[in-house]
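Note sheet for the following structure.
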Amino acid sequence: MPSNPLRPIVPAADPVQERNGVPLNEPLQERNGVPLNRPLPTIRLHPGNDCIVQVLDQRKLPFDVMMNDLLTAADAASAIRDMQVRGAPLIGVTAAYGMYLAACAETGSDIVGYYHQAQQSLAVTRPTAVDLFAALKRSATAILAAPDRSARIAAALQTAQILAEESIAACRAIGEHGLPFIADLAKAKNGAPVNILTHCNAGYLACIEYGTATAPIYLAHENGIPVHVWVDETRPRNQGARLTAFELAQRGVPHTVIADNTGGHLMQHGLVDLLITGTDRTTRCGDVANKIGTYLKALAAFDNGIPFYVAAPSSSIDWNSCNGLRDIEIEQRDAHELRFMEGADGDAVKEVRIYPEHSPAANFAFDVTPARLVTAIITERGVCPASEEGLRRLFPK
Ligand code: MRU
């Protein structure tokens, strides 16, 4: 135990806390008639027209729940680029649905050129998450192996749906493989809540169901193991505060939002038992690219002897790269995301500038955590050390 423990500051760690008479850990119920006490669809075919794909517009959460129609591959590309959808697995599935939309609109006789162009337009949307490129390659291969137009449409749709199913299965398995880490800590703490710190959103909103980093947490919660999640705000887009907090609240999982720089302080004071994050790209040697700030959390965890786990479905493993710092392209996004913040003012959602108009800003979206700082990688095939040997043992091919 730390020599100078902090005064109790964790309201959500107590499952019976109330605010204004409302239990803090009661699952969200509904917004504008949409039930929120269960996961929302992140992507689906339009219920009345299967040549339209619908995505949950994550830019609106948690203030509004809105499905956007995607009619063309260009719409799918915009949805990824503008972050209507985000999170590595969901980006991959959306890209595959983009190829399906391209198939629905197929024109001309240069079939190979047509799909190459569609693939390229989707590939340039975001550079870091490797799921995007793998999904596009798989889709293009399936489409071009089909003998005629209707078979190409069917192959494109089937590929997108299989990718979605595979993501669900992988997340579920990651939950099962990650659960024992939480269960063991709960036992060691004699049933006191296990404090887990996560960064960004690697929940179901970044996937199709369960999420990657959240899957073991949801499973623990469902099994009656007391957990409490420290949710990094995750500037500049606040995926932690806006998305992870939202989905934990949907399920009634106790959590507390913290400013991004708080984690190290909490770790020094014994208030974090383990960290679990997702990944956008993990090299075959175990280096992990994830949302900017992950590296600093891993450093602090290492310094404090706290386990740092990365939940990585195989779709996020880049077998062609080893040295993450050298091989992974780090996305730089528009400074607008830093300069402006969005929030609710009563019923209205407003954006405000938060620093001097002419101050330049640099917006790096990801960083690389070297394998040596990663305690273990949790995949759908089990848990392994963050090393080429460890990953190859689980994925020999
Ligand atoms: O920029 P984003 O919101 O797409 O970044 C998402 C992340 O960094 C997630 O942690 C990662 O994609 C894993 S999602 C299961």
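Worth saying up front: this structure is predicted, and the values here are computed from it rather than measured. Numbering of ligands and ligand atoms starts at 1, following listing order.
- Results of the side chain to side chain contact (heavy atoms under 4.5 Å, CB included) test with Ser321 over Asp327, Val130, Asp287, Thr282 single out Asp327 as the only residue that passes.
- Under the salt bridge (Lys or Arg N to Asp or Glu O under 4.0 Å) criterion, Arg86 pairs with no residue, sequence neighbours left out.
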Dump all N/O pairs between ligand 1 and the protein below 3.5 Å as a table: atom names plus distance, one pair per row.
from	atom 1	to	atom 2	distance (Å)
ligand 1	1 (O)	Arg126	NH1	3.4
ligand 1	1 (O)	Arg126	NH2	2.8
ligand 1	1 (O)	Lys291	NZ	2.7
ligand 1	3 (O)	Arg86	NE	2.9
ligand 1	3 (O)	Arg86	NH2	3.2
ligand 1	3 (O)	Gln239	NE2	2.8
ligand 1	4 (O)	Gly87	N	2.9
ligand 1	4 (O)	Arg126	NH1	2.8
ligand 1	8 (O)	Asp280	OD1	2.8
ligand 1	8 (O)	Asn290	OD1	3.2
ligand 1	8 (O)	Lys291	N	3.3
ligand 1	10 (O)	Asn290	OD1	2.7
ligand 1	12 (O)	Ala88	N	2.9
ligand 1	12 (O)	Asp280	OD1	3.3
ligand 1	12 (O)	Asp280	OD2	2.9

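- A salt bridge links Glu342 to Arg242: one of the charged nitrogens lies within less than 4.0 Å of a carboxylate oxygen.
- Not counting sequence neighbours, Lys291 has no partner by the salt bridge (Lys or Arg N to Asp or Glu O under 4.0 Å) test.
- Between Cys207 and Cys171, a gap of 2.5 Å or greater is found separating the two SG atoms.
- Residues satisfying the salt bridge (Lys or Arg N to Asp or Glu O under 4.0 Å) test with Arg339, not counting sequence neighbours, are none.
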